[in-house]
Amino acid sequence: MQNLDIAKFGGTSVANYEAMSNCVKVVTMNPNTKLVVVSACAGVTNLLVELASGACDSAKREEIIAQVFAIHQKIIAQLGNEAQHEAVIKEYLGVVRDLAVQATMTRTDMITDRLVSHGELMSSYLITELFKQQGYKAQWFDVRKVMRTDSNFGKATALVEVISALTKEHLRPLLEGDSIIVTQGFIGADSSGQTTTLGRGGSDYSAALLGESCHAATISIWTDVPGVYTTDPRLVPSAKPIPELTYLEAAEMATFGAKILHPSTLVPAVRCDIPVYVGSSKEPEKGGTWVRPTTEYAPAFRAVALRKNQTLIVLSSPKMVGATGFLAQVFGIFAKYNLSVDLVSTSEVSIAVTLDAGTQTSGLSNIPESLFHELREFCHVKVEHDLSLVAVIGNNMARTSHITAEVFSSIDDYTVRMICYGASSHNLCFLVEQSEAESVLRKLHQRLLESAA
Ligand code: ASP
Ligand code: MG
C-alpha cells in the first residue's frame with residue numbers, strides 16, 4: 001500500500017480503556033495508518049518478568065497473576081462482551097501460570113520469553129476488540145508469523161531478510177484490505193517456532209522492522225510525551241520539545257539517554273530513509289518530533305541526556321607499552337560475551353570502557369563473572385560502579401570552536417571521570433558520579449540550551 005503509516009503504541013498508551021481509546025482516535029484520524037503495533041499494558045511486562053524469574057512461591061504467583069488479570073479486566077469491563085473477552089485472557093493466563101511453575105523448577109531464557117510475550121498478546125487482543133467495538137474493521141495478527149529472529153532468547157537478533165520475505169507473504173496482502181491490522185511489538189519467533197523477544201523496550205524496534213519490510217512511508221511512535229525534549233522534563237522542568245532531529249542525533253540520544261526511542265529503532269528506518277514521528281497518544285494535538293535524514297536547522301547543541309548505572313572497566317598492563325593487538329584481544333573477549341562497549345578511552349598502558357548491563361528481557365545482568373576472570377588472565381582489571389553517563393548531543397561538534405569550553409566551564413565544580421569526544425561530531429560524552437549527575441544535567445541544560453537565544 002502507498003503512503004503506509006505504522007503506528008506503535010507504548011505501554012502507557014495502552015494502559016487502560018481510556019488510553020486505548022485515544023489510540024483508536026489517533027489511528028483512525030490518519031487514513032494511511034493501517035498497521036498498529038502495541039506494547040503490553042503498562043506494568044504488565046515487569047510483572048511477567050517477576051513470574052518468569054522462578055523466585056515466586058505459589059501464593060506470590062497467584063497474587064501476580066491476579067494483578068495482571070485485574071489490569072486487563074478493567075479494560076474488559078468497559079469493552080462489553082465480558083464473558084468472551086475474559087475467557088480469552090484467562091486462557092492466556094493459564095499458559096502463563098504453567099510457564100511460571102516451570103520457571104520455579106528451571107528458569108531459562110526460553111521460558112521467560114514465552115511467558116513474557118503474553119503481555120503483548122493480551123494487549124493486542126483487547127485493542128483489536130476496542131477498534132471493533134467503536135465500529136472500525138480490525139484484525140488481530142500474530143507477529144510471530146513474520147518476525148523471525150535467531151534463538152538468542154532474551155535479546156534475539158532480527159533476521160531482516162527472512163522478515164522481509166515472510167512479511168511479503170503473510171502481512172503485506174492484509175494491508176491491502178480494508179481492516180486495520182493490529183499486532184505485537186517486542187516478540188518474535190525463531191526458525192523452530194519458539195517465541196523470542198527483542199530485549200526490553202523492543203517494541204519500537206519491531207515497528208521499525210515492520211516499517212522497513214512493509215515499505216512504510218512513515219513510522220509513528222506514540223508514547224506519553226509529545227516528542228523528544230532537549231532533556232528529560234522530569235529531571236529538568238524547563239526542557240523544551242524538539243520539532244525536528246536528524247537520525248544521527250536521535251540515535252545518539254536513544255543510545256545515551258532519552259528513553260523515548262529504543263536505540264535500535266532507527267536502524268531499519270535509516271536503511272530505508274523512513275521518517276519517524278514521536279508524539280503523545282493522549283495529546284496528539286500538542287505536536288511531536290520528526291526524525292529525518294536531515295533537518296533545516298542544525299544547532300551545535302540540541303539536547304543533553306543522562307544514563308545512569310554505568311559500569312566502568314579499567315584494564316591495564318605494562319605489556320601494552322608499544323605492543324600491538326592488545327585492544328583486539330580485549331574487544332575479542334567482549335565480543336565473545338556478546339557485550340557491547342559504549343565509551344572507550346585509552347592511554348599507553350591502560351584502556352577504560354563502559355558497559356551497559358541489563359537490556360535482556362530477564363533483567364539479569366548480562367555481565368558474567370567469567371568475563372572478568374578471562375580479562376584478568378592477561379591484564380589488571382578494575383571495575384567501578386555508581387557512575388552516570390552524560391551526553392551532549394548536537395551537530396558539527398568536533399569541528400566547532402569553544403564547544404568543550406562551553407560544556408565544561410558550566411560544570412567545573414564537578415569531577416569528570418572520563419571523556420569521549422571526536423568519534424562522532426554529534427556527541428560529547430562523559431562520566432560523572434551518579435550522585436551528582438542530575439545537577440550536572442541541570443547546569444548543562446541551563447547553559448547550553450536555555451541561555452542561547
Ligand atoms: N513490553 C516490553 C517492555 O516493557 C516491550 C516494550 O514496551 O517495548 O519492555
Ligand atoms: Mg516501551
Side-chain angles (χ1 to χ4, degrees), residues 1-11 13-41 72-89 91-92 117-147 163 166-187 203 206-223 274 277 279 281-282 284-285:
M1 132 167 211
Q2 274 198 327
N3 300 325
L4 171 70
D5 174 60
I6 295 193
K8 178 260 167 176
F9 295 95
S13 296
V14 294
N16 51 46
Y17 183 84
E18 199 196 333
M20 279 192 178
S21 304
N22 288 330
C23 302
V24 171
K25 269 190 224 149
V26 164
V27 170
T28 52
M29 236 163 39
N30 182 349
N32 294 322
T33 309
K34 290 292 299 285
L35 181 59
V36 173
V37 178
V38 293
S39 292
C41 302
H72 298 93
Q73 209 285 325
K74 274 194 202 132
I75 299 171
I76 294 173
Q78 286 179 268
L79 196 56
N81 261 344
E82 287 190 46
Q84 180 200 326
H85 301 322
E86 275 190 19
V88 173
I89 298 299
E91 195 174 329
Y92 278 136
S117 70
H118 284 78
E120 272 69 13
L121 293 173
M122 293 188 283
S123 63
S124 58
Y125 168 75
L126 290 179
I127 196 167
T128 310
E129 294 304 314
L130 184 60
F131 273 103
K132 292 187 200 160
Q133 183 213 31
Q134 304 202 349
Y136 300 101
K137 274 195 164 175
Q139 189 179 335
W140 184 86
F141 179 78
D142 188 336
V143 83
R144 291 172 294 185
K145 278 192 192 157
V146 297
M147 189 57 70
I163 293 170
L166 291 171
T167 302
K168 194 168 175 199
E169 191 182 338
H170 301 293
L171 180 58
R172 283 167 58 190
L174 295 180
L175 298 173
E176 299 300 331
D178 56 358
S179 289
I180 291 162
I181 308 300
V182 180
T183 196
Q184 308 79 37
F186 180 52
I187 71 174
S203 295
S206 305
L209 287 165
L210 293 172
E212 175 176 37
S213 60
C214 295
H215 308 306
T218 51
I219 298 165
S220 306
I221 305 287
W222 295 99
T223 169
I274 308 175
Y277 182 76
S281 55
K282 192 175 171 203
E285 68 287 351

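- Scanning both residues, S123 and V38, for their nearest heavy atoms gives OG-CG2, 3.7 Å.
- Contact of the T33 side chain with the V26 side chain is not registered, since no non-hydrogen atoms from C-beta on lie closer than 4.5 Å.
- The line from NE2 of H215 to CD of Q2 is 12.5 Å long, rounded to the nearest 0.5 Å.
- Partner of S13 under the side chain to side chain contact (heavy atoms under 4.5 Å, CB included) criterion, chosen from C23, C41, S39: C23.
- A 4.5 Å side-chain heavy-atom check between L126 and H72 finds at least one atom pair inside the cut-off.
- The distance from atom CD of Q78 to atom CD of Q133, rounded to the nearest 0.5 Å, is 9.0 Å.
- Counting non-hydrogen atoms of other residues, nucleotides and ligands closer than 6.0 Å to CD of E176 gives a total above 12.
- Scored by the side chain to side chain contact (heavy atoms under 4.5 Å, CB included) test, A15 finds A42 as partners (sequence neighbours excluded).
- Closest heavy-atom contact between G185 and E120: O-CG, 3.2 Å.
- Annotation for E91: atom CD does not count as buried by contact number, only 12 or fewer foreign heavy atoms lying within 6.0 Å.
- Contact record, I163 with S213: CG2-OG, 4.0 Å, taken as the closest heavy-atom pair.
- Formation of a donor-acceptor pair under 3.5 Å by the K34 side chain with backbone atoms of G177 is found in this model.
- With a 4.5 Å cut-off on side-chain heavy atoms, K74 and N16 do not count as touching.
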* Please step through side-chain contact (heavy atoms from CB on, under 4.5 Å) for the pair L171 and T183, ending with a clear verdict. => CA-CA 10 Å; L171 180 58; T183 196; 5.8 Å; no
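- Nearest approach of T167 to C214, heavy atoms of both residues: CG2-SG, 3.4 Å.
- No side-chain heavy atom of L174 sits less than 4.5 Å from a side-chain heavy atom of S179.
- Rounded to the nearest 0.5 Å, atoms OG (S21) and CG (L79) are 9.0 Å apart.
- Scored by the salt bridge (charged side-chain N to carboxylate O under 4.0 Å, His left out) test, R144 finds D142 as partners (sequence neighbours excluded).
- Of the possible polar contacts, one joining the S206 side chain to the F186 backbone as a donor-acceptor pair under 3.5 Å is found.
- Between Y136 and F131, the ring planes are perpendicular. Angles over 60° get that label, and only those under 30° would be called parallel.
- Distance check: I75 CD1 to L130 CG gives 8.5 Å after rounding to the nearest 0.5 Å.
- How far NE2 of H118 is from CD1 of I89: 10.0 Å, rounded to the nearest 0.5 Å.
- Q184 places a side-chain N or O within 3.5 Å of a backbone atom of F141 that can act as its donor or acceptor partner.
- Separating the CD atom in Q139 from the CD1 atom in I181 is a distance of 4.5 Å, to the nearest 0.5 Å.
- Here the side chains of T218 and Y277 are not in contact, with every heavy-atom distance at 4.5 Å or above.
- Pairing each heavy atom of I6 with each of L210, the nearest pair is CD1-C, 3.6 Å.
- Looking at heavy atoms from C-beta onward, I180 lies in side-chain contact with T28 at the 4.5 angstrom threshold.
- Remark: N32 pairs with M1, N3, D5, N30 by the side chain to side chain contact (heavy atoms under 4.5 Å, CB included) rule, at least two apart or across chains.
- The two residues S203 and V37 have their closest heavy-atom pair at O-CG1, 4.3 Å.
- Residues W140 and E129 have side chains not in contact (no heavy-atom distance under 4.5 Å, counting atoms from C-beta outward).
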